[in-house]
There are 2 protein chains.
Amino acid sequence: MQNGKLPERATLRDVARLAGVSEISVSRVMRRAPHISDALREKVVVAANTLGYTPNRVAGALKTATSNLVAVVLPSMSNEVFPEVLDGIESVLSGHGLCPVLGITQYDSGRELEVVRELLSWSPVGIILTGLDQDAAIRRILLHQNIPIVQIMDVEGTPLHAAVGIAHGQAARDAAELLIERGYRKPAYIGAWAERPSRSRIRRQAFEARLAERGHPLVTAQISAKKSSVQTGAEVTQALLATHPAVDAIFYANDDLAIGGMFHCMKSGLAIPGDVGLLGFNGISFGQAAPIQLATIQTPRFEMGKRAASLLIEKNAAKGLIVDLGYRISVGSSL
Amino acid sequence: MQNGKLPERATLRDVARLAGVSEISVSRVMRRAPHISDALREKVVVAANTLGYTPNRVAGALKTATSNLVAVVLPSMSNEVFPEVLDGIESVLSGHGLCPVLGITQYDSGRELEVVRELLSWSPVGIILTGLDQDAAIRRILLHQNIPIVQIMDVEGTPLHAAVGIAHGQAARDAAELLIERGYRKPAYIGAWAERPSRSRIRRQAFEARLAERGHPLVTAQISAKKSSVQTGAEVTQALLATHPAVDAIFYANDDLAIGGMFHCMKSGLAIPGDVGLLGFNGISFGQAAPIQLATIQTPRFEMGKRAASLLIEKNAAKGLIVDLGYRISVGSSL
DNA sequence: AGCGCTGTTGACAACGTTACCAATCTTGAT
DNA sequence: ATCAAGATTGGTAACGTTGTCAACAGCGCT
């Protein structure tokens with residue numbers, strides 16, 4: 001597959017020697033700098049190809065003190081939300097020759113610190129983080145770097161530089177209003193994974209507070225310790241309805257759980273929305289295409305990634321900006 | 001947010017001066033090298049903290065000619081498959097202090113070449129690519145680097161170094177056998193996105209070939225130009241059943257499409273599997289939790305990422321190894 | 001011929017770090 | 001007290017690239 005002695009990776013010097021030109025000329029050809037004669041370019045290109053030369057951006061980045069890397073810190077890759085955000089980020093970055101370097105925190109702020117350190121050590125041109133609630137230690141480090149910082153998901157708080165997201169508390173209050181408006185009087189809430197994403201806790205609390213204000217307090221909130229999944233949603237819904245048969249509507253922390261709830265109802269012959277109304281959060285495609293279209297709060301996840309990356313690139317915009325992308329309540333047919 | 005004059009990022013030299021020690025000592029403390037007195041360490045840590053020093057790995061990588069970056073080239077982030085693979089990759093890398101640098105090709109081999117160039121220029125310690133069918137130009141460049149290469153998803157072919165995946169052709173032949181065994185005689189196939197992922201084309205062809213061998217040839221294959229989604233699955237299924245009412249079973253390119261088919265049948269009152277049997281591919285959680293459990297071919301996506309990353313790390317193993325992780329046929333209740 | 005252009009090429013130093021070697025200081029055994 | 005072995009610290013030179021400046025050719029003009 002490969003002969004025993006692996007050839008060292010070719011450098012600018014190797015190419016220069018083979019082409020019979022100076023190193024700097026090779027560098028210029030590689031970077032498509034102006035003022036290069038066709039003859040020189042040709043010689044260099046041939047030499048580079050025969051050696052299989054790949055520029056060493058590590059050296060280049062050291063010299064120029066810039067890179068084409070963007071640090072992206074996400075809490076998880078195992079639900080639909082963050083891959084979509086990342087997709088949005090990547091779609092913009094790739095158009096500008098930038099590469100995302102990824103760090104996953106698993107919702108652990110200790111790991112987040114490590115990950116941020118790690119990523120910053122690569123001199124990224126900017127960093128995208130999730131949420132507004134980083135530890136003081138992380139904030140300190142971030143502000144010592146000289147790069148734009150964009151925090152995504154949330155806008156209810158104070159960003160380090162810029163923030164792109166939605167108002168989760170407001171969304172949850174709207175959810176409460178919607179249920180009451182539709183005549184529901186015994187609302188419940190279902191969450192999962194011990195509310196690891198702090199934004200889901202904020203939503204639950206805002207939901208609960210508004211319901212209380214409107215005189216129809218939350219009947220029960222069941223927060224599973226398991227990770228969010230359709231399966232978990234089905235299980236928790238079953239348990240909740242068994243212990244609280246009076247419940248007439250359930251607001252879920254996300255659509256995965258809500259669809260699980262829907263599947264449970266379908267299996268056990270409960271009418272949606274006749275027996276129980278279901279309201280999800282996020283607006284994933286499964287919910288919208290389901291036989292009973294799931295009522296949900298649509299969040300612009302791909303767009304969020306795109307805007308975050310765009311803000312990072314127009315560096316001037318990256319200071320003190322808060323971009324609230326808003327959400328769209330889709331009433332569906334499950335309410 | 002930041003005073004007008006941004007402070008330059010602190011270097012080893014700054015820390016050394018402030019701490020009153022040599023640069024190399026600071027370097028050693030930062031790298032937790034052995035033979036450092038507590039007194040020295042203390043001085044350095046204090047100085048580093050007051051300056052908010054972050055090591056510059058770009059310089060370190062240049063000197064040591066190694067990095068902690070792993071190039072990961074994926075075709076897409078917009079279905080469930082690749083985020084899960086990436087999750088698996090990341091779970092292993094993070095345990096070894098390595099960071100994934102991401103490139104998305106959008107199934108475009110021109111972009112793949114660019115992306116590979118880009119990523120390789122950062123001197124990653126290894127590279128993970130999708131599929132075994134890279135262009136000759138890409139293969140040439142890859143083999144000129146001196147790093148382990150792991151190709152994921154597919155094992156039916158010749159890897160550059162190592163491959164981790166499943167046998168797609170075999171899986172599709174098994175699917176054909178399953179349908180016939182269960183008594184289906186008018187099988188159809190539904191795909192999407194113009195079969196951009198070449199693996200889905202391989203599956204269709206193998207499926208078709210085996211059906212023909214068994215004397216029950218494919219009735220029709222409908223390949224939508226749209227991206228795979230539940231919605232697309234529903235639409236194409238409707239169209240297919242309208243024009244080919246005799247079809248008694250459908251094999252889908254993936255579970256998203258299959259669930260769309262399931263939803264369509266539920267809405268339009270078709271019995272599953274009475275009127276039509278459905279067979280998906282991948283085994284995503286929605287299908288397994290659905291009211292009618294989707295029959296599917298379970299693929300180990302997370303595991304694939306894990307194994308790929310592991311192979312990369314144990315460099316000696318990365319030459320010429322083919323790891324077939326296999327699949328599991330889950331008959332569900334949709335057949 | 002001499003002048004100032006523009007276009008093209010090269011020499012050299014530097015980016016921030018670490019490998020290598022040398023220097024110094026301890027420690028404990030003789 | 002002396003010496004060897006080890007622990008701890010520092011000086012210097014790279015890693016591969018690019019910014020800066022300088023050099024030189026060819027051109028048209030006076």
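Proteins get letters first, then strands, A, B, ... in listed order; numbering begins at 1 in each.
For Ser25(A), no side-chain nitrogen or oxygen approaches OP1 or OP2 of dT9(C) to under 4.0 Å. Between Ser37(B) and dT9(D) there is a side-chain N or O to OP1 or OP2 distance below 4.0 Å. For the OP1/OP2 pair of dG16(C) and a distance below 4.0 Å, the side-chain nitrogens and oxygens of Tyr53(B) include no atom meeting the criterion. A sub-4.0 Å separation between OP1 or OP2 of dC15(D) and a side-chain N or O of Arg9(A) is absent.
When distances run from any side-chain atom of Leu62(A) to the nucleotides dG10(D), dC15(C), dT18(D), the shortest one goes to dC15(C). Listed candidates were dT8(D), dT17(D), dT18(C). Nearest to the side chain of Ala59(A) is dT17(D). When distances run from any side-chain atom of Arg28(B) to the nucleotides dC20(C), dG19(D), dT17(D), the shortest one goes to dC20(C).
Neither side chain, Ser76(B) nor Gln106(B), offers a donor N or O lying under 3.5 Å from an acceptor on the other. If you check the side chains of Gln134(A) and Ser109(A), you find no donor sitting under 3.5 Å from an acceptor. In this model, a donor atom of one side chain and an acceptor atom of the other lie less than 3.5 Å apart for Ser78(A) and Lys227(A).
Positionally, the nearest nucleotide of DNA chain D for Leu40(B) lies more toward the 5' end than for the other of Leu40(B) and Ala65(B). Where Ser22(B) and Thr64(B) each meet DNA chain D at their nearest nucleotide, the meeting point lying more 5' is that of Ser22(B).
Between the CD atom of Glu23(A) and the P atom of dA11(C) there is a distance of 9 Å, rounded to whole Å. Remark: P of dT17(D) and CH2 of Trp122(B) are 13 Å apart, rounded to the nearest angstrom. Counting to the nearest Å, the C1' atom of dT17(D) and the CZ atom of Arg13(A) are 11 Å from each other. If you take CD1 of Ile24(A) and P of dA13(C), they are 14 Å apart, rounded to a whole angstrom. Per the geometry, CG belonging to Leu12(A) stands 20 Å off P belonging to dA14(C), to the nearest Å. Atom CZ in Arg17(B) sits about 13 Å away from atom P in dG11(D), given to the nearest Å.
At the heavy-atom level, Val21(A) lies under 4.0 Å from the strands shown only through sugar-phosphate atoms.
For a distance-only test at 3.5 Å, the side chain of Lys63(B) fails to qualify as a donor-acceptor partner of the base of dA19(C).
Listed here is the closest heavy atom pair of Asn56(A) and Ser123(B): OD1-OG, 3.7 Å.
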